[in-house]
Asks: 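The structure under discussion is supplied below as structure tokens; questions concerning it will follow.
Atoms considered below: every heavy atom in the structure, side chains included; atoms not considered: hydrogens, waters and symmetry mates.
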Amino acid sequence: ATHGRGLFTTNSIDTKAPDITELIPNNNAENIAFDSDLVISFAEDILIASGNIEIRRSDNDEIIESIDINSEQVTATERILTINRNVVLESFTSYYVLIDIGAITDLSDNQFEISSQETWSFTTLLTSPPSELEVAQNSSEAIELMWRDNSDNETGFSIESRVVSDTNPDAEFEEIATVEVNENSA
């Protein structure tokens, strides 16, 4: 009797939805900026299909924004999906993200979804910090600070300064001035 040997190969079939490798902001993150993009990184390349992304308040499940996956607010490059929100979120509020089943697939057409608020939730900052800081030197001993006030619930701003030197490299910040609500210069 003759016995032969052969080389056998098997091709595995991908039947698993894409795995998340990173969420920005992280699940359960706190102190998230009101205007931060939302980003999901996947373990494999993805494709945009059809469906919606919803951003909801955690306390009452209210839909804050519903985004068509094919809108200009959503971009996908290989393994990364970026969601650019149009709605500015409220301060010190918890939110979660849902994604319709099939809105995202992998290259084998396996459908991805986020159907639970436990998968991706975050809480915004207590107040939104000022931005667009500008400094103008008025004299050799005085400067003027100007900024954009992004808060709607502040009680004022505290302006702090520190002087770092070779002898004091870890100098502490000290309050040098305060300004009232809705001020944008000092």
Asks: Is the shortest side-chain heavy-atom distance between L89 and F122 below 4.5 Å?
Replies: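 Counting from C-beta outward, L89 and F122 do come under 4.5 Å.
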
Asks: Is it possible for you to say whether I46 and I101 belong to one hydrophobic cluster, with membership spreading through side-chain heavy-atom contacts below 4.5 Å?
Replies: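 Different hydrophobic clusters.
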
Asks: What distance do L133 atom CG and W147 atom CH2 have between them, rounded to the nearest 0.5 Å?
Replies: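 Between atom CG of L133 and atom CH2 of W147 there are 8.0 Å.
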
Asks: Under 3.5 Å, side chain of T119 to main-chain N/O of I114, donor-acceptor pair present?
Replies: no

Asks: Check whether any side-chain heavy atom of I99 sits under 4.5 Å from a side-chain heavy atom of E113, and report yes or no.
Replies: no

Asks: When you group the ILVMFWY residues by side-chain heavy-atom contacts below 4.5 Å and let the links chain together, are V135 and I159 in the same group?
Replies: yes

Asks: Can you establish whether the number of heavy atoms outside N60 located under 6.0 Å from its atom CG is more than 12?
Replies: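 For N60, atom CG is crowded (more than 12 foreign heavy atoms under 6.0 Å).
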
Asks: Check the pair Q137, E144 against side chain to side chain donor-acceptor pair (under 3.5 Å), reporting the backbone distance first and the verdict last.
Replies: CA-CA 6 Å; Q137 187 167 356; E144 181 178 8; over 6 Å; no

Asks: What pair of heavy atoms forms the shortest contact from V164 to P169, and how long is it?
Replies: CG1-O, 3.5 Å

Asks: Using 0.5 Å steps for rounding, measure from the CG atom of L23 to the OG atom of S121.
Replies: 9.5 Å

Asks: Nearest 0.5 angstrom please: Q73 CD to D37 CG, how far?
Replies: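 Here the rounded value is 10.0 Å.
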
Asks: Could you tell me if E175 and S158 have a donor-acceptor pair between their side chains, going purely by distance under 3.5 Å?
Replies: yes

Asks: Please round to the nearest 0.5 Å and tell me the distance separating atom CD1 of I40 and atom OG1 of T82.
Replies: 9.0 Å

Asks: Are side-chain heavy atoms of V97 and Y95 found at a separation under 4.5 Å?
Replies: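 Answer no - side chains too far apart.
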
Asks: May I ask you to test the M146-E132 pair for a side-chain heavy-atom distance under 4.5 Å?
Replies: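 No, side chains not in contact.
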
Asks: Flag the pair L47 / L107 as yes when at least one side-chain heavy-atom distance between them is below 4.5 Å, and no otherwise.
Replies: yes

Asks: Where do L125 and E30 land on the side chain to side chain contact (heavy atoms under 4.5 Å, CB included) test, with the steps shown first?
Replies: CA-CA 7 Å; L125 291 165; E30 296 179 347; over 6 Å; no

Asks: Looking at A76 and L81, what are the two nearest heavy atoms and their distance?
Replies: CB-CD1, 4.0 Å

Asks: Side-chain donor-acceptor pair under 3.5 Å between S116 and E118, yes or no?
Replies: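 Distance-only check passes for S116 and E118.
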
Asks: Quick check: closest heavy atoms across G102 and A49, and the distance to 0.1 Å?
Replies: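 Looks like O-CB, 2.9 Å.
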
Asks: Go through the steps for S41 and I20 under the test side chain to side chain contact (heavy atoms under 4.5 Å, CB included), then give the verdict.
Replies: CA-CA 6 Å; S41 297; I20 297 170; over 6 Å; no

Asks: Strictly distance-based, threshold 3.5 Å: is any side-chain N or O of T124 a donor or acceptor partner for the main-chain N or O of I32?
Replies: no

Asks: Treat each ILVMFWY residue as a node, draw an edge where side-chain heavy atoms are under 4.5 Å apart, and state whether I83 and I48 are in one component.
Replies: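 Yes: a chain of side-chain contacts under 4.5 Å links I83 to I48.
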
Asks: Run through the side-chain heavy atoms of Ile, Leu, Val, Met, Phe, Trp and Tyr, join any pair under 4.5 Å, and report what else lands in V39's cluster.
Replies: I24, I80

Asks: With a 3.5 Å distance limit and no angle check, can you tell me whether T93 reaches the backbone of S91 through a side-chain donor-acceptor pair?
Replies: yes

Asks: Answer whether the closest heavy-atom distance between the side chains of I55 and I63 falls below 4.5 Å.
Replies: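 Heavy-atom side-chain distance check fails, nothing below 4.5 Å.
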
Asks: Can you name the nearest heavy-atom pair linking I69 to A103, along with the distance?
Replies: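 Result for this residue pair: CG1-O, 3.7 Å.
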
Asks: Under 3.5 Å, is there a donor-acceptor pair between the side chain of N26 and the main chain of A29?
Replies: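 Judged by distance alone, no pair lies under 3.5 Å.
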
Asks: How long is the span from the OG atom in S36 to the CZ atom in R85, to the nearest 0.5 Å?
Replies: 6.5 Å

Asks: So, applying side-chain hydrogen bond (donor to acceptor under 3.5 Å, both in side chains) with S94, which one of T123, N28, D59 is it?
Replies: T123

Asks: Does any part of the side chain of I53, heavy atoms only, come nearer than 4.5 Å to the side chain of L98, both counted from C-beta?
Replies: no

Asks: With a 4.5 Å heavy-atom cut-off, do E174 and V163 have their side chains touching?
Replies: no

Asks: Salt bridge check, R56 against D61: does any charged N sit closer than 4.0 Å to a carboxylate O?
Replies: no

Asks: Would F112 and F42 count as a close aromatic pair, with their ring centres under 6.0 Å?
Replies: yes

Asks: Between D68 and N52, does any side-chain donor sit less than 3.5 Å from a side-chain acceptor?
Replies: no

Asks: How long is the span from the CG atom in N110 to the NZ atom in K16, to the nearest 0.5 Å?
Replies: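 Separation between the atoms: 10.0 Å.
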
